[in-house]
2 protein chains.
Amino acid sequence: MIKYEMIANKIRQRIQDGVYLADSLIPDQVSLAKEFKVSRMTVKKAMDVLAFEGLIFRKRGSGTYVKKTALKNGLNANLMEYEGLTQQLSGHEVKSQVISFTVEFPDDFIKETLMLDKHDPVYKIIRLRTVDGDPYIIEHTFMSVKCIPGLSEEALDTSVYQYIHNELGLQFGGAYRKIHAAKSSEYDQEYLGCAVDDPVLEVEQVVHLEDGTPFEYSRSRNRYDKRSYTVVDLQK
Amino acid sequence: MIKYEMIANKIRQRIQDGVYLADSLIPDQVSLAKEFKVSRMTVKKAMDVLAFEGLIFRKRGSGTYVKKTALKNGLNANLMEYEGLTQQLSGHEVKSQVISFTVEFPDDFIKETLMLDKHDPVYKIIRLRTVDGDPYIIEHTFMSVKCIPGLSEEALDTSVYQYIHNELGLQFGGAYRKIHAAKSSEYDQEYLGCAVDDPVLEVEQVVHLEDGTPFEYSRSRNRYDKRSYTVVDLQK
DNA sequence: CAGTGGTCTAGACCACTTT
DNA sequence: AAGTGGTCTAGACCACTGA
């Protein structure tokens, strides 16, 4: 439907198919505009998309090149976004076991973090995530009831994010994450089945809606031998 | 010089100054185009910049709004990019102590990771980074000599990245990072001065040039009680 | 239905690189 | 000097929102 996306898709396909080789020039914008029968601005916008994805880079006066790493990091880099554990480990049996699901009034920290009034209740969720039966992550989540009404244990079993997006029609606006190493607590050891001297990888995050409203604060403690956190920095 | 950047700067300033309030509408693109005496496309491009920075969001048919979190996360979020430790902790005395600086031929892993021939030498650098005299990070770095010729101990004392950018005139193309928790080794304990049962936060990274050439592989082991890794996800 | 932002055009000028 | 990508214009049409 949208022209510049269709052109971006076609060029991306050509890179993937080796029509345009890594580390070499691709046709100039004027030629591509002629080929696709669009204006040059539209071609440029398609190129902006591919540059954003890290597939190409441009040198003014010189031309547009395919990056050396286009095929290696390229296509899946975008899919590696944080969509929960479910999407990341396809081919394995990923399960969520709800250990507790309650509602309470927020303490001062949660109240400030989620920009709530002290009388606004929050869900408090503790979930154990297992892969092929082995415990990987124990996750403590606080979510604003005001933002996310009608959350049920059923939605927890599948994907909370799908519930928010599909059922409530809300858009995400991003997240702020802090990653630590920590000593495992007895609680971690019990649920993750890790040794007393095993550390854990803790990911603390605040997730926002499109308008900036923070709706979730969570801390997930990951078995250090099973999980790492990856970041792709595309130097925008 | 560039119009859309100047307009973006002015609008950003107005958000910062409270002329445009958080969680409320800003003037439509046609009005702004008239005010700044430019075409609407140019205003839109300025808005694209601010949307990318997470300051505003747009709803087709409705208007352009300032995000609730514009002031809180907004301006510094972009500066928080990875520029080494030096920029992150201003006001403290950050020092780099070079523990070893040698050149050798790459092992198989480094050869593959940096896309080298087995006869291409690499720098091997071990540095201890201290803040106000306290050890924070021990960093093992491998850099391609072919990519970064003429690296000296002098450049290590200040900033390797500045040397690459200013002296060699090379552009960065981003990085791929993997963050783990790990048990501290005797080596860590010696240099970081941490206890036997202290974990470390390990950041493993491959840094690329603009054209995709990987020029650095490094593993930095951080004192778990002093350092964490933060990620801002703007949901592009 | 009026107003909003998103897309697209055809053409212009500019900054820059390469020959 | 020729060719590249970046910016900008004035105007058009579209999809969507909200009164």
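Heavy-atom basis, side chains included; hydrogens, waters and symmetry copies ignored.
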Distance, rounded to the nearest Å, where [X] contributes [atom1] and [N] contributes [atom2]:
| X | N | atom1 | atom2 | value |
| --- | --- | --- | --- | --- |
| K44(B) | dT4(C) | NZ | P | 16 Å |
| M6(B) | dT7(D) | CE | C1' | 14 Å |
| Q29(A) | dA12(C) | CD | P | 18 Å |
| Y65(B) | dG5(C) | OH | P | 9 Å |
| L25(A) | dT17(C) | CG | C1' | 12 Å |
| E5(A) | dG6(C) | CD | P | 13 Å |

Judged by nearest nucleotide, the residue sitting upstream toward the 5' end of DNA chain D, S31(A) or Y4(B), is S31(A)
Can you name the atoms? Protein N/O to nucleotides 14-16 of chain C N/O, anything below 3.5 Å, with the distance.
{"unit_1": "dA15(C)", "atom_1": "O4'", "unit_2": "R60(A)", "atom_2": "NH1", "d": "2.9"}

Testing dT7(D), dG5(D), dC8(C) for proximity to the side chain of I2(B), the answer is dT7(D)
The nucleotide from dG5(C), dG6(D), dT7(D) with an atom nearest the side chain of M41(A) is dT7(D)
### Query
For the residue pair Y65(A) and F57(A), does the interplanar ring angle fall in the parallel (under 30°), tilted (30 to 60°) or perpendicular (over 60°) class?
parallel
Check your understanding: Should the ring pair F215(A) and F172(A) be called parallel, tilted or perpendicular, given that the plane angle runs from 0 to 90° and is split at 30 and 60?
Key -> parallel
Quick one: is T42(A) getting a side-chain N or O under 4.0 Å of the dC8(C) phosphate, OP1 or OP2? no
Original post:
Is the backbone of L201(A) close enough, under 3.5 Å, to the side chain of Y229(A) for a donor and an acceptor to pair up by distance?
Top reply: no
Side-chain atoms of residues 29-36 of chain A: list all donor-acceptor pairs with protein atoms under 3.5 Å, sequence neighbours left out, distances to 0.1 Å.
{"unit_1": "Q29(A)", "atom_1": "OE1", "unit_2": "R40(A)", "atom_2": "NH1", "d": "2.8"}
{"unit_1": "S31(A)", "atom_1": "OG", "unit_2": "D28(A)", "atom_2": "OD1", "d": "2.7"}
{"unit_1": "S31(A)", "atom_1": "OG", "unit_2": "D28(A)", "atom_2": "OD2", "d": "3.3"}
{"unit_1": "E35(A)", "atom_1": "OE1", "unit_2": "R14(A)", "atom_2": "NH1", "d": "3.3"}
{"unit_1": "E35(A)", "atom_1": "OE2", "unit_2": "R14(A)", "atom_2": "NH1", "d": "3.4"}
{"unit_1": "E35(A)", "atom_1": "OE2", "unit_2": "R14(A)", "atom_2": "NH2", "d": "2.6"}

Heavy-atom side-chain proximity of [X] to [Y] below 4.5 angstrom:
| X | Y | value |
| --- | --- | --- |
| M47(A) | I56(A) | yes |
| V66(A) | L55(A) | no |
| E139(B) | R219(B) | no |

Ranking R40(A) and K3(A) by the position along DNA chain C of their nearest nucleotide, the one closer to 5' is K3(A)
Need one value for V38(B): base, sugar-phosphate or nothing, where a base atom within 4.0 Å counts as base even if backbone is also close, heavy atoms only. sugar-phosphate
